[in-house]
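If you're wondering where the values come from, they're calculated on a predicted model, not measured in any experiment.
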Amino acid sequence: MMAAAAVTRRVNAIASLHVDATNGADEESRRSSSAADNSPVAKRINDAAAKDNDVWVAVQEGDMPAGNSSQPLLFRTMKVKGSILHPYRFVILLRLIAIIAFFIWRIWNRNHDGVWLWATTMVGDVWFGFSWVLNQLPKLNPIKRVPDLAAIRHQHEYSTSGESNSNLPGIDVFITTVDPVDEPILYTVNSFLSILATDYPVEKYACYLSDDGGTLVHYEAMLEVASFAKLWAPFCRKHGVEPRAPESYFGVKRQPYTGSMQEEFASDHRRVRREYEEFKVRIDSLFSTIYQRSEAYNRKHAKDDDGVLKATWMADGTQWPGTWIEQAENHRKGQHAGIVKVVLNHPSHKPQLGSPASTDNPLDFSNTDTRLPMLVYLSREKRPGYNHQKKAGAMNAMLRVSALLSNAPFLINFDCDHYINNSQAFRASMCFMLDPRDGENTAFVQFPQRFDDVDPTDRYANHNRVFFDGTMLSLNGLQGPSYLTPEPCSAVPRSTAWSHHGGEHTRARSTLFINTILDGAKKERRSITPVFLDEEIVTSELASLMTCAYEDGTQWGRDAGWVYNIATEDVVTGFRMHRQGWRSIYCSVEPAAFRGTAPINLTERLLQVLRWSGGSLEMFFSHSNAFLAGGRMHPLQRVAYLNMSTYPIVTVFILAYNLFPLMWLVSEQYYIQRPFGTYILYLVAVIAMIHVIGMFEVRWAGITLLDWCRNEQFYMIGATGVYPTAVLYMALKLVTGKGIHFRLTSKQTEACSSDRFADLYVVRWVPLLVPTVAVLAVNVAAVGVAVGKAATWGLLTEQAQHAVLGMVFNVWILVLLYPFALGIMGQWGKRPAILFVMLVVAIGTVAVVYISFRATYPVGWSGMAASSLGKAESVVAAGSSG
C-alpha cells in the first residue's frame, strides 16, 4: 500500500522464534553517541511529547502494564487530554444517534410514488453510515508513543575500561527497485548513502538492494556508492550532518552546524560537495558508459559465424549475468540468472580511524571511524512461466539471502525513493523493540510517510497526514497500525516474517538456511552473524535460495514471508501478524525519520491510488478477510481492517449521488425524501457533526486545516473515478478469475531546472479521468440550470428555492473537485483565475439555454418526462441529490 518505513523482527517472519543480541565494541559509536544526545535532532525527538502539552498528557506508569523494574522504559506513552477526548467521543455518539434517527424517519416517511429511487438512496445512506462507523470506532482511543533515545543509549551503549560497548541488536536493511528509469537511480544511490552514514554501530547492520530488473546499471551504481561513501560517511560522522542523503543535504541553503569541529567544516563541506557533484556526473553517465563499454567488447569478441554477440559487459571484462541492454535469451527482463554481489564486506568490530589531512586527502579523519556496513546487491532468478509475485517475491528472496549473509534479528525496509532523514531513526525503532513492557510482543514499528518535492499546497494530498497522523496514530490504542511499506518505511523483527504454520520442510530446502533459522532460535537478541564457510558452498546455497522453483510446494507467500497474490502485500502481511496476536507501534519523530519522493502528476497519483484500493478489495475477497481473523485479534482492530478492505465500495453510491443532477434534464423536480424541509435539516445536522468531529481530529492529530481540506478534496476525486474503477476491476476478477494488473508508479519527473513542479502541470489522459470529468460537467450544468430556474420563476417561488438548495450541493462538489479541474487544465492550471472564468461562462451558457428552452417550450422537460416515464416524481430536487 502506501509508503512508510517499518522495522520487523526476523524470527517472526519465519517462525515464532526468539533471538538475542551479542555485545560488540564501537569507539566511534561512543563518541558520536554522547554528541548526539545533546544534538538538536535528539532533543527534538525526546521533546516531541512536550510540544503538544495542551493536547497530550503523559500516561502515568501505574496505568501501564507492569514491566521489569530493573530495566528503564525506552519510550513514553501519551494520551489525549480528557477535555478534548471526552467531547470528541460525545459528538461521535451524538452523530450515531442522529444517523439512526434519520434512518428511522426515512423509513416512516418513504416515498410511495418513487420507491425505486427512494430505496436506492436509502441503501446508499445505510452504507454511508456503516462505513462511517467502521472508520470512526478504531479512533476512539488515540495513543502517542515517543522513543527515549537517552534511555536506550544508557541501557544498551556503555563504556568499560575506556572502551565503548554496544549490545544494540543487528539490523538488515532491505531496499527494492525494478526500473532505473521509472525509479530514477539518483534516488536509489541517495537512499543507500543515507543508510551507510546513519548513526548506528557500523558492525550491527547490513544493507541489501534487490534489483528485480537485473540491470547492470544498478550494480555499478552500488560500486559508485561504496566508493563515494568512504568520504561521505566519515564526513557525516565528523560533523553531525543531517540529513545524511547528500542530495537533500546540499539542497538546503542553510544548515545549522551541530558538530564539534566548526573550524574545519567550511573546507570539508566544499570538498565533499565538489566530490558529490562529480559522483552525480558518474551516476548520470552510467547508461552511456555501460553501452559504450559493451559496444567495444562486442566488437572485440565478434564471432565469425554468428556476427557480433550483443552482450552487456562489466568493467572487469566479464559478461553481465542479468538483463542485457540488447536483450537476448536468458538475458532479458523476466528471464535471467540469479545474482548476488557483495559490494562491501562485513566491517571489523573495532573502529578504524582514518588518516590525517594530507595533500592527497585534505580531509582530516584521524579521529573519525571510517568503517562502512555490509552492502549487498542481489537480483533473484527470473524465468518465463513463473509468477514472480512482484515486490512480495523479491522481499522473500532477500529474506532468505540475508539469512545466510548476516541474519540480523531485525529488518528495516523501505522503497528506493526514500532516504533516512533522521540519523537516529534506527535507534528510535529499537526503543520499542527492546522495551521491557511489551517489546517481545511487538511485531513491527511503522513510520509515517513524509515527502520532498511536493507542491507547497499539496494539491493531491500526497502527504496523506489525515491517514497517518490521524487514523494510524489512533490505532496505537488497539493492536497498532497496519504494515505499510511500498513508500513509507517499516521496521520488522525477522521472526515476524516467518510463520508458526507448518514444519521446517514447508519453508526451507537448504540445510544451511535451516541452520540460520535454528541459530536465531537460540538467542533472544543477537547481532549480525556472518556465515564463515567455504565460499563455494555459500555461493551454491545462495543460488539455490534465489531460484524460481525454490518456493514450489512450500508455504512461502501464505504462511511464511510476505503474502502473495494481493497488490497490497504489505497490509496483508501485517494483518497476518496481528491475527497471530502480535502488536505494532506507530512512531512519528521530529525531524521525520524517513522522507521520499511522491508522484505530483495527477495521472500517476490516481494510478497509485488505484493500485492501493484494488489491493484492499483483493484482501477482502481472500483468506485474509477480517471476518476470518480469529480470536487473537482485538475486536476494534478487526473493524479497522474491515474498513481498510471495503472502503472503495461506498464510493459507488457517492458516484451515483454526484450524477443525480442529470435528472434535472428530465424533470423539473425530483425529491429524495418528503417532507423535503425536514430531510434538509437532518442532512445539515449529520454533515455538520462530521465536520465537528473532523475539527477534533485536526486538534489531536496535529495536522493543519489545509491538510484536512486536501484530504476531503482528494477523497472526492478518488470516489468519482479511482475507487469505483477498483470495484469494477474486482468484480471482473471475481467473475473471470483473472487477476488485476497494476502498473508501477513512475517517479520519473519531467520537471526542468526552471520549474521545480513542472510535472504538476503535465496532462496524461487515461480512461481513469473520464468519470470525474463527467461528474464535473454534470454539476456545472446543474448549477447553470438552477440559475436558470431562479431567473425564470423568481427567487421567492418554491421551485426556485428548491433549485437553490440543490445548487448548494452542486457547488460543494465543484469545490471538492477543484484540484482535479486544475490538474486537467495543464499549463493553464498555473492561473486559477482562468478556471473561475471558464466556470462562470459555462454556468451562464447553461442558464441562458435553459431560459430560452423554457420560453420556447413552456410545458418544459417535466411534461415530456411524464409522458415517457409515467409519473416520475421521486427523488432529488435538482442538486440536493447529495
Side-chain angles (χ1 to χ4, degrees), residues 2-4 182-184 186-187 190 243 245 247-248 250-253 415 417-419 421 448-470 486-488 591-592 594-610 612 698 702-718 720-722 745-766 768-769 772-773 776 814-836 838:
M2 326 187 162
D182 282 341
E183 298 173 317
L186 185 61
Y187 296 161
N190 268 271
E247 187 71 13
S248 298
F250 291 123
V252 179
K253 293 183 179 179
D415 269 7
D417 59 350
H418 279 64
Y419 64 89
N421 182 62
Q449 64 179 8
R450 297 289 186 259
F451 292 126
D452 297 326
D453 296 328
V454 173
D455 55 297
T457 63
D458 194 13
R459 180 189 290 180
Y460 304 127
N462 277 290
H463 290 301
N464 210 3
R465 290 184 181 271
V466 172
F467 174 74
F468 278 101
D469 297 336
E487 290 177 43
F594 302 88
R595 296 188 72 89
T597 304
I600 62 173
N601 179 264
L602 175 61
T603 301
E604 293 296 334
R605 176 75 166 118
L606 292 178
L607 290 172
Q608 181 187 59
V609 175
L610 176 63
W612 295 342
V698 166
I703 60 179
T704 65
L705 282 176
L706 179 61
D707 292 328
W708 183 78
C709 290
R710 288 305 192 204
N711 181 78
E712 295 291 301
Q713 288 177 320
F714 193 77
Y715 178 77
M716 183 58 69
I717 294 171
T720 54
V722 174
T745 303
S746 175
K747 305 298 193 319
Q748 181 66 50
T749 178
E750 296 182 16
C752 58
S753 57
S754 61
D755 190 350
R756 182 180 177 189
F757 305 115
D759 212 41
L760 190 68
Y761 308 106
V762 176
V763 183
R764 298 169 186 158
W765 286 98
V766 293
L768 197 61
L769 303 178
T772 310
V773 171
L776 194 64
L814 295 179
V815 170
L816 292 177
L817 295 181
Y818 169 71
F820 177 86
L822 285 179
I824 61 176
M825 287 175 61
Q827 293 294 327
W828 288 5
K830 295 180 180 180
R831 299 177 178 87
I834 297 176
L835 174 60
F836 289 106
M838 293 172 62

For the atom pair CE (M716) and CG (N711), what is the distance rounded to the nearest 0.5 Å?
11.5 Å
Minimal heavy-atom distance between P243 and Y419, with the atoms involved, is CB-CE1, 4.2 Å
Holding to side-chain hydrogen bond (donor to acceptor under 3.5 Å, both in side chains), I want the full list of residues that pass it with T457, two or more places apart in sequence or in another chain.
D455, R710
Note: L776 and I824 closest approach over all heavy atoms is CD2-CD1, 4.3 Å
Holding to salt bridge (Lys or Arg N to Asp or Glu O under 4.0 Å), I want the full list of residues that pass it with D452, two or more places apart in sequence or in another chain.
R595
dist Y715:OH -> T720:OG1 (nearest 0.5 Å) comes out at 10.5 Å
To the nearest 0.5 Å, what is the distance between OG1 on T603 and CZ on R605?
12.5 Å
Interatomic distance, CG@N601 vs CD@Q608, rounded to 0.5 Å, equals 11.5 Å
From R465 atom CZ to R450 atom CZ, the distance as rounded to the nearest 0.5 Å
4.0 Å
Could you tell me whether R459 sits above the aromatic face of F757, with NZ or CZ closer than 6.0 angstrom to the six-membered ring centre and within 45 degrees of the axis?
no
Working for side chain to side chain contact (heavy atoms under 4.5 Å, CB included), residues L822 and L760
CA-CA 10 Å; L822 285 179; L760 190 68; over 6 Å; no
Would you say the side chain of F714 lies within less than 4.5 Å of the side chain of N462, judging by non-hydrogen atoms?
no
W765 side chain near V773 side chain, heavy-atom distance below 4.5 Å
yes
May I ask you to test the L769-L602 pair for a side-chain heavy-atom distance under 4.5 Å?
yes
Taking every non-hydrogen atom, the tightest pair across V762 and A758
CG2-O, 3.5 Å
Could you walk me through whether H418 and F451 satisfy the side chain to side chain contact (heavy atoms under 4.5 Å, CB included) test, starting with their C-alpha distance in whole Å, then the side-chain angles of each, then the deciding distance to 0.1 Å, before giving a yes or no?
CA-CA 8 Å; H418 279 64; F451 292 126; 3.7 Å; yes
Taking C-beta and beyond as the side chain, do Y818 and L835 meet within less than 4.5 Å on heavy atoms?
yes
What distance separates I834 CD1 from W828 CH2, expressed to the nearest 0.5 Å?
6.5 Å
Of all heavy-atom pairs linking Q449 and H463, the shortest is NE2-O, 3.5 Å
I'd like to know whether L817 forms a side chain to side chain contact (heavy atoms under 4.5 Å, CB included) with T772, so could you lay out the CA-CA distance, the side-chain angles of the two residues, the decisive distance to 0.1 Å, and finally the verdict.
CA-CA 8 Å; L817 295 181; T772 310; 3.9 Å; yes
Looking at residues at least two apart in the chain, or sitting in another chain, which of them share a salt bridge (Lys or Arg N to Asp or Glu O under 4.0 Å) with D453?
R756
Can you tell if the side chain of E604 reaches within under 4.5 Å of the side chain of R764, non-hydrogen atoms only?
yes
Do I600 and Y460 come close enough that some side-chain heavy atom pair is under 4.5 Å?
no
Taking all atoms of both residues into account, what is the closest heavy-atom pair of N190 and E247, and its distance?
OD1-N, 2.8 Å
All heavy atoms of P591 vs all of N421, minimum pair found to be CB-ND2, 3.8 Å
